[in-house]
Amino acid sequence: MKSYELFDRNTTAFIYGSQQKAAQRMLDFDYLCKREKPSVVGFITPTGVGNYKLFWGTKEITIPRYLTIEDAIKENPDADVMVNFASERSCAESTMEALETENIRTIIMIAEGVPQRDVRKIAKLAKEKGKWIIGPATVGGIKPGCFKIGNAAGTVENIRDTRLYRPGSVGFVSVSGGLSNEGYNIVSRNTDGIYEGYAVGGDVYPATTLIDHLLRYEQNPNIKMMVALGEVGGKDEYQIVQAVKDKKITKPLVMWVTGTCAEMLPGGVQFGHAGAKADSKEDTAKAKNAALREAGVIVPDSFEDYGEKIKMTFDKLKAEGKIKEIVEQTPPNIPMDYAQAVAEGLVRKPTNFISTICDETGEIHNYCGVPIDKVIKEKYGIGGVIGLLWFKKVLPQYARDFIELVIQIVADHGPAVSGAHNTIVTARAGKNLIESIVSGILTIGPRFGGAVNGAANHFSWGLENNLEPRDFINQMKKKNIRVQGIGHRIHSIDNPDERCEIMMNFAKEHFPKHPLLDYALAVQDVTTMKKNTLILNVDGTIGVLFVDLLKSLNYKDEEIKEMIDMGFFNAFFIIGRTIGFMGHYFDQKRLKTPLYRHPWDDILYDVPEKPEVVK
Amino acid sequence: MAQKGIREYDAKRMMSKALPDFSNGNIKFEAKQVLIGAKTDLEKLVKENPWLKEEKLVAKPDQLFGKRGLNNLLYVNKSWAEVQKWINERMNKTVTITQTTGKTTGELNYFLVEKFVPHDDEYYIAITTHRDCDTIHFSTKGGVNIEEVWDSVVTLDVPLSTEIDDLDVKGFLPKELGDKTEIIAEFIKALYKMLVEYHFVYLELNPFTFVDGAPVALDAVAKVDDYASFQCAEMWGDLKFPSPFGLEKTIEEEKIDELDERTGASLKLTVLNPEGRIWNLVAGGGASVIYADTVVDLGYTKELANYGEYSGNPSTELTYGYTKIVLDLMTRKKDPQGRHKYLLIGGGIANFTDVAKTFTGIVQAITEFKSKLIETNVKIYVRRGGPNYVEGLNIMKNLGEKLGIPIEVYGPETHMTKIVSLALDEKVG
């Protein structure tokens, strides 16, 4: 590669930062140019290592991440470009580091807001080392057919429309990064296209200026004419005037300096770019344009006829036979990104998941269509939220209250029950919250807590089949099934369980109907005749009352059955009791209890002296 | 925005902190001074600065303009009571001042009050910064318009990354300084080190003098590189950047500044003429200048209502907020002759900004201002390219049809500033 070239078709680069989108745009450009290999060989990401996935045409490839510039160079000694996306706070430091390496020759500083003194030092060191900096405060640039810097030149469509995938004859350079793409467009519409194009950035001291690039273009025999776009502020353009006068620039140069309006406006207006401010007469756009024109540069009357002047200059060179016809080739297709295609309504695909209870994709997530802020403002409460997420209904107040009542009643039942016991033992084994409570929850089932579902099931079956209570008990006995939800260790018909009383009274007062409770109580009348502790217990009460609740909410019998089958009723026990399990977990951790070991004297060791030998 | 002027008060405040540090304590620099704004609690100020009542004082506006003596805005060798009265008479008053660059009219709202220092010698020093070096200018003939005595100025270039201690500072100073040479060289070195470390881009003391062997700055003009604020926050202390005199920001401009500071995106607005009929809503620092240029080049400077730009991929919320402020300003009054007003939603071909997305915020604001826009006879021209521009332009086109507001829409095939002449030609016709 000649000294006046920055990139060729084999140039490879590092991206400093996690700019995967920009890297993808570079790879798409590479593919469009039919480069043999991707131009990005690594990301330098001080936050971690690994890989990023990108597309090379239709194929997905991985590009490694490195912690340091040094690591990246070790693995890719041929890479000589770093596109630096570091923030304005760290851009100077990482650029300096890259400048000090043997391998990296060109660095692009994207960040806006890098302190001037830092940039001045960088620019000086780069010149001393014969290296190139583009920026800061730039989008970069492009060399058609060879290399594209980051986000420069925009989308694949734009690159195709402005034929930036293959070189033309024009060297372009602008101050503004935002305008560079517009510049490529204007050049493309009026000539055979861009050979190279860069934006040096709108700072007061861009590390390289327009003249640095124009002098490179002057040396490059492939560039037949030059187009530049300057800006009010600073005196960098006068170097161009001098270079033209000194015949250091001899190729046709079309140039316009923007900011001609500045003198008409009150002093002190700072345009969008830091450097765009005239401190003296010489700095004004008018003075610069006049000086350029006088030196022999082709300067339009206003930005309006910039394109025309470019076209005239190009056509003249063409007529003189100095520019050869380019044989156009069609660039390969780049598949559209799926997200883009979806956005444009070009593709569709069946989904693998369905959610009908919650949608977090909007501005504010919602529970079954009710935005979360409304849930809070309208005081849905835990009962109301369960209504939305489990029942998919806005429940009436009595139903919400009943749910919360049940949760409170079942929240804990002491450390001795299997779930709490397991939680405590696990907590004491040094396991964390989730492991400990899961160990407790895993004991919930047909014997512990699970009677809720069973009771709902059994009594519903009896009622649906219009069985007299006594008949119901007999039939269950015949099938050898213990009626779930009946019987208590201590409480009896004479010493009722307060918890059951509360729930039953609530139902009697608030539920529009409670047929299953009535039925279960009729069954209780029969069972307590046999033994007075065979009462409807907490599980049984919850079970039958939830059926009654659902009936009150006009659920059909089949629907209720389906809900029982999927464990709906146990869910209230699980959610309630988890509160208790967590309490036990925190209790143990606070008490700093040691590992639990069950005492020998509580275990019957009945091990045979010899095992039976099977022949 | 890079190079920003700071108040004389702040420059001296920083010097009093920095100079002893950068001279191993050899240079003492006392800044007996207070800054008085319209809302300053004077009683509290005197309590904290009892010297105000004990010393003779100097008072002057501190608003980034010079030539205060020539403009009768310098009040020297007075008592605290006199100074209070003098400031009181001038606070929040509009005055026109004359500077070398011309006349400027603005409101006086900040005054510097400092200890009066009787002195004989007046020296001049300025340090300018350039791409490859910094330049120190010194003269023994300070206190006057330095251009008039430029022959007396000696200069020393300090190449970038060179230590000032390695240079012969004493050698470049005029011989006539005699035994003062040592202390002045020491002072210059400390000043230069401060300039570098504190990221000043310009510093001028005209004049400074010596009292009991310590330098005293009788005036200070300074600019800092505000890009370095993340490095200098602690050194700079509580530093605010005032608007240039006569360019005090309107409430709307301040609102935009607030939006601008909140994010990585860039939002700028300068209202040039609220009665103007051409309003720019342009994307990009470079493109926005060209749109303003074109309006001026076509001879409609008087109709140019604003300069402004949005860039750096602003969020929908930001473009919405920005557009609302511009629309509010433009629809406050009808044109007295009932002519069209023009909103130019312009921009080049974006590199990576999603055009449709940035238009979302603009569309929201336009929709909200529908009736006001119709009432004030606003016509909208759009020109933009870049990612998703086809969809973006469609959105704008449909919006016009939906709201019944004339909106003309152009893409990259049309020259960027064509919409300016389209709008203006129509106006002529």
Side-chain angles (χ1 to χ4, degrees), chain A residues 21-22 25 88-89 112-118 120-121 123-124 139 151-155 158 161 174-182 184-186 202-205 229 231-232 258-262 264-277 285 301-304 307 343-344, chain B residues 1-3 101-102 104 129-132 160-161 196 199 201 225 227-228 230-231 243-247 266 268 270 272 283-290 292-298 301 304 307 309 311-312 347-352 356 385-388 391 412-413 415-418 420-421:
Chain A
K21 273 192 186 163
R25 291 192 174 118
E88 68 277 11
R89 285 163 180 261
E112 181 173 355
V114 183
Q116 288 171 23
R117 192 165 285 273
D118 296 349
R120 287 163 60 200
K121 284 182 191 163
K124 192 177 177 203
V139 70
N151 291 312
T155 55
N158 186 61
D161 290 348
S174 67
V175 170
S176 163
L179 272 182
S180 57
N181 210 6
E182 189 65 42
Y184 307 151
N185 180 42
I186 295 171
D203 267 4
V204 178
Y205 299 112
L229 197 54
E231 222 170 57
V232 56
T258 72
T260 48
C261 66
M264 311 301 285
L265 311 180
V269 172
Q270 172 75 55
F271 292 125
H273 289 154
K277 189 166 186 228
D301 296 326
S302 77
F303 187 74
E304 288 278 274
E344 292 185 18
Chain B
M1 216 176 280
Q3 308 198 337
T101 45
T104 316
T129 54
H130 316 278
R131 176 176 284 275
D132 293 320
L160 200 60
S161 313
V196 172
H199 284 264
V201 293
D225 173 12
Y227 281 173
F230 69 89
Q231 291 178 7
S243 296
F245 182 71
L247 268 185
S266 165
K268 306 266 178 293
T270 306
L272 302 168
S288 59
V289 176
I290 298 189
D293 279 355
T294 308
V295 174
V296 170
D297 289 345
L298 293 176
T301 312
L304 183 59
Y307 167 77
E309 65 118 353
S311 59
I349 302 174
N351 287 294
F352 55 92
N388 247 338
E391 201 196 328
E413 70 291 339
H415 191 63
M416 192 176 85
T417 49
K418 186 76 188 166
V420 180
S421 51

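A, B, ... follow the sequence lines: proteins, then strands. Residue 1 opens every chain. Because the structure is predicted, anything quoted here is derived from the model rather than measured.
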Exercise. Can you tell which of B:V196, B:V295, B:N388, B:V420 has the highest number of heavy-atom pairs within less than 4.5 Å of chain A?
Worked result: B:V196

Problem set entry | Value rounded to 0.5 Å, distance of OG in B:S161 from CZ in A:R120 | 8.5 Å

Problem set entry | Contacting moiety of A:V114, where chain B heavy atoms sit under 4.5 Å | backbone

For this session: Measure A:K121 against the heavy atoms of chain B and call it side chain, backbone, both or neither at under 4.5 Å.
Result: both

Problem set entry | chain A interface, residue from B:L298, B:V201, B:I290 that has the most non-hydrogen pairs under 4.5 Å | B:I290

Exercise. Which of the residues A:G154, A:A123, A:A153 is involved in the greatest number of heavy-atom pairs with chain B at under 4.5 angstrom?
Worked result: A:G154

For this session: Please check if the side chain of B:D225 supplies one atom and the backbone of A:P115 the other of a donor-acceptor pair under 3.5 Å.
Result: no

Problem set entry | Interface moiety of A:N158 toward chain B, non-hydrogen atoms closer than 4.5 Å | side chain

Exercise. With only heavy atoms counted, which part of A:S180 is less than 4.5 Å from chain B, the side chain, the backbone, both or neither?
Worked result: side chain

Exercise. With sequence neighbours left out, what residues match B:S311 under side chain to side chain donor-acceptor pair (under 3.5 Å)?
Worked result: B:E309

Problem set entry | Exam field: side chain A:R117 to backbone B:H199, donor-acceptor pair closer than 3.5 Å | no

Exercise. Picking from A:D118, A:I186, A:T155, A:T258, which has the most non-hydrogen pairs under 4.5 angstrom with chain B?
Worked result: A:T258

For this session: Taking the side chain as every heavy atom from C-beta outward, state whether B:Y307 and A:C261 have any atom pair closer than 4.5 Å.
Result: no

Exercise. Are any non-hydrogen side-chain atoms of A:K21 and B:F352 less than 4.5 angstrom apart?
Worked result: no

Exercise. Where on B:E413 is there a heavy atom nearer than 4.5 Å to chain A: the side chain, the backbone, both, or neither?
Worked result: both

Problem set entry | Over all atoms of both residues, closest heavy-atom pair of A:E182 and B:G348 | OE1-CA, 2.9 Å

For this session: Under the side chain to side chain contact (heavy atoms under 4.5 Å, CB included) rule, what do A:Y205 and B:T129 come out as? Steps first, then yes or no, please.
Result: CA-CA 11 Å; A:Y205 299 112; B:T129 54; 4.1 Å; yes

Exercise. Between B:Q3 and A:Q116, is a side chain to side chain contact (heavy atoms under 4.5 Å, CB included) present by the stated rule, with each step listed?
Worked result: CA-CA 9 Å; B:Q3 308 198 337; A:Q116 288 171 23; 3.0 Å; yes

Problem set entry | With B:E391 via side chain to side chain donor-acceptor pair (under 3.5 Å) - residues at least two apart | none

Exercise. Between B:H415 and A:F303, is the gap from one ring center to the other below 6.0 Å?
Worked result: yes

Problem set entry | Closest-packed option against chain A by number of heavy-atom pairs under 4.5 Å, given B:T417, B:D297, B:T301 | B:T417

Problem set entry | Distance in Å, B:D132 CG paired with A:K124 NZ, rounded so as to fall on 0.5 Å steps | 7.0 Å

Exercise. What is the distance from atom OH of B:Y227 to atom CD of A:E88, rounded to the nearest 0.5 Å?
Worked result: 9.5 Å

Problem set entry | Side-chain H-bond candidate by donor/acceptor type, A:E304 with B:T294, under 3.5 Å | no

Seminar exercise, completed: With chain A, the option among B:G246, B:A287, B:P412 that has the most non-hydrogen atom pairs under 4.5 Å is B:P412

Exercise. How many angstroms lie between atom CG of A:N151 and atom CG of B:N351, to the nearest 0.5 angstrom?
Worked result: 7.0 Å

For this session: Verify the distance criterion only: is there a donor paired with an acceptor across the side chains of B:D293 and A:T260 at less than 3.5 Å?
Result: yes

